[in-house]
Amino acid sequence: MDNLLEAVSTYTHEVAAMNAGNVYGMRFVASLLDRRGDSSRASQFRAEAKDLAARINRLLYVDGKGWWKCGQSDGTFREVRHCYDLLTVLDTMFEDLSEQQKKEMSRFFWSELYTPLWMHALSPGDADASWNPGAFASLRSDHTWIGSYLAWPPMTARGLYKIDPSHRVAAWVKAFAKSANQGTFGQAHFVETSFPPDGGGTRKDPVGGWYELAGGSFVNMVIDTIFGADLTLDSGIQVNSRLRDFDPDARLVDLNYQGTHYKVSIQGAERSS
C-alpha cells in the first residue's frame, strides 16, 4: 500500500515520527563530531535539527489535541491519532515540546489509546479506524484500534515517564507486563475489549506469530527508564531511577557497560565485586 504505516491508509507523505527521528539523528551525529573536535560541523547539525524540530511542531502538530497530522503533496493535511507519532516524538525530540504539548499528548494517550492491560495502536476515534482494505489487513492488531504491536506499550511507557506521575505509569506497566504470563510475546496483542484476557494479560494475536524479537523493547524500558541507567558514550552510567514507585528494592545485576559489569539500584550504579 502507498503509505508509511501498515493498515493505516492516512499515514502518508510528511509525518512527524520519521522527521523527529532525523532530529535525534542529527543531534547524535553532532555529539560525535564534538568528540572528534569538529565543532563547526557539530553546530551546523544542531542548527538544522533545531530548525527541523520547529517545522515539525509548527506544521504537523494538532494544537489542543495531543496528536499529529501528515502533510500531503498537494498542501493539505490529514490528522492521524496513532501511537507511533506520540512515542517517537517523546523519545527523539522531547526537549522541543512545550509544556502545553506535553499535557495534551498525555491527555490523548490516557483518554484514547490507554487500556488497563494494553493499548490501542490507533485511537478508536480516528477517522481511519473503520477502514477495511481487505480480509488480512482488517485483522491486523499491531497498528489498528483492536490492539497494538508488541513494542508500542513499553516504548510509550518510556515517553510517559517523562511527562506523567511515575506512580501512574508504573501501575500501567505492571498491568501490561502480565501479557508475559502466556509465555513468549506475540507480534501483537489484542486489547482486552477486543478479546478476553489470557492468564491475566492481553491475548496474543495468532495471525501475527507467537514470538517476536520486539519484546526487547521491554528490556530496554527496564534498563534505561525504570532503573534509569543512561549508558553514555564517554561519561559513564548516569542514573535517573524511577524505581521508587515500581519496586524500590529492585536490583539490576551484571549490566555489561564497556567491558565492566555493574549493579544498578535506586542508589545508582556501582561496579560489581
Side-chain angles (χ1 to χ4, degrees), residues 1-12 15-18 66-68 70 78-91 105 108-160 169 171-221:
M1 294 181 293
D2 253 353
N3 60 59
L4 300 170
L5 191 60
E6 296 171 303
V8 181
S9 70
T10 54
Y11 201 72
T12 57
V15 301
M18 296 175 190
W67 58 78
W68 302 76
C70 307
R78 294 177 173 178
E79 295 185 14
V80 182
R81 304 189 212 179
H82 199 279
C83 71
Y84 187 49
D85 285 330
L86 173 88
L87 66 90
T88 305
V89 170
L90 286 175
D91 190 45
M105 292 172 75
F108 165 51
F109 171 78
W110 294 107
S111 63
E112 299 199 24
L113 300 181
Y114 162 82
T115 73
L117 295 179
W118 201 242
M119 66 179 288
H120 303 281
L122 180 71
S123 167
D126 188 271
D128 211 46
S130 60
W131 182 60
N132 188 345
F136 174 69
S138 64
L139 293 174
R140 294 287 294 266
S141 60
D142 46 2
H143 296 311
T144 64
W145 67 272
I146 65 173
S148 172
Y149 180 58
L150 177 61
W152 297 162
M155 293 183 72
T156 300
R158 293 175 70 219
L160 293 176
V169 184
W172 180 53
V173 170
K174 290 181 179 181
F176 72 61
K178 294 177 182 178
S179 296
N181 291 344
Q182 300 168 61
T184 55
F185 291 107
Q187 173 167 321
H189 288 234
F190 295 109
V191 292
E192 60 271 28
T193 52
S194 296
F195 284 88
D198 186 356
T202 52
R203 187 181 296 270
K204 297 179 190 179
D205 183 347
V207 175
W210 284 95
Y211 61 91
E212 175 59 53
L213 292 177
S217 295
F218 282 81
V219 178
N220 193 35
M221 172 192 65

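Excluded from the calculations below are hydrogen atoms, water molecules and symmetry mates; all remaining heavy atoms, backbone and side chain alike, are included.
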Counting neighbours of CH2 on Trp145 that are heavy atoms of other residues, nucleotides or ligands and sit closer than 6.0 Å, is the number greater than 12? no
Search all heavy atoms of Ala16 against all heavy atoms of Val89 and return the closest pair with its distance. CB-CG2, 4.3 Å
Closest non-hydrogen contact found for Thr202 with Ser179 is OG1-OG, 2.7 Å
Is there a donor-acceptor pair under 3.5 Å between the side chain of Trp118 and the backbone N or O of His189? yes
Here the pair of heavy atoms bringing Met18 nearest to Leu4 is CE-O, 3.8 Å
Verify, without hydrogens or angle tests, whether Lys204 (side chain) and Gly183 (backbone) share a donor-acceptor contact under 3.5 angstrom. no
Judged by atom type as modelled, is there a donor-acceptor pair below 3.5 Å linking the side chain of Arg203 to the main-chain atoms of Pro196? yes
Could you check whether the rings of His143 and His82 sit parallel, tilted or perpendicular, using 30° and 60° as the cut-offs? tilted
Ser123 and Ala129 have their tightest heavy-atom pair at O-CB, 3.9 Å
CG of Leu122 to CZ of Arg140, rounded to nearest 0.5 Å, is 13.0 Å
Can you tell me how far CE of Met105 sits from CG of Leu86, rounded to the nearest 0.5 angstrom? 4.5 Å
How long is the gap from CH2 on Trp152 to OG1 on Thr88, to the nearest 0.5 Å? 6.5 Å
Between the CZ atom in Arg78 and the CG atom in Asp126, the distance rounded to the nearest 0.5 Å is 11.5 Å
What are the two closest non-hydrogen atoms of Asp85 and Tyr11, and how far apart are they? OD1-OH, 2.7 Å
Lys/Arg-Asp/Glu bridge criterion (N-O < 4.0 Å) met for Arg158, Asp91: yes
Candidates Phe108, Phe109, Tyr84 - the one meeting ring pair (Phe, Tyr, Trp, His ring centres under 6.0 Å) with Trp67: Phe108
Distance-only, no hydrogens or angles: does the Asp205 side chain make a donor-acceptor pair with backbone N or O of Ala188 under 3.5 Å? no
Closest non-hydrogen atoms of Val173 and Met221, given as atom of the first, atom of the second and distance, are CG1-CE, 3.8 Å
Taking Gln187 for the side chain and Ser141 for the main chain, is one N or O donor matched with an acceptor at less than 3.5 Å? no
Aromatic plane relationship, Phe176 with Trp172 - under 30° parallel, 30 to 60° tilted, over 60° perpendicular: perpendicular
Can a donor-acceptor pair be found, under 3.5 Å and without considering hydrogens, that links the side chain of Asp128 to the backbone of Ser9? yes
Does Asn181 reach the main-chain N or O of Gly199 with its side chain, forming a donor-acceptor pair under 3.5 Å? yes
Hey, could you give me the CE/CG distance between Met155 and Leu90, rounded to the nearest 0.5 Å? 11.0 Å
Short question: side chain of Thr10, backbone of Val80 - any donor-acceptor pair under 3.5 Å? no
Could you tell me whether a side-chain N or O of Glu192 sits under 3.5 Å from a main-chain N or O of Leu117, the two making a donor and an acceptor? yes
Let's go through Leu150 and Phe218 carefully: what are the C-alpha distance in whole Å and the side-chain angles of both, what is the deciding distance for side-chain contact (heavy atoms from CB on, under 4.5 Å) to 0.1 Å, and is it a yes or a no? CA-CA 9 Å; Leu150 177 61; Phe218 282 81; 3.5 Å; yes
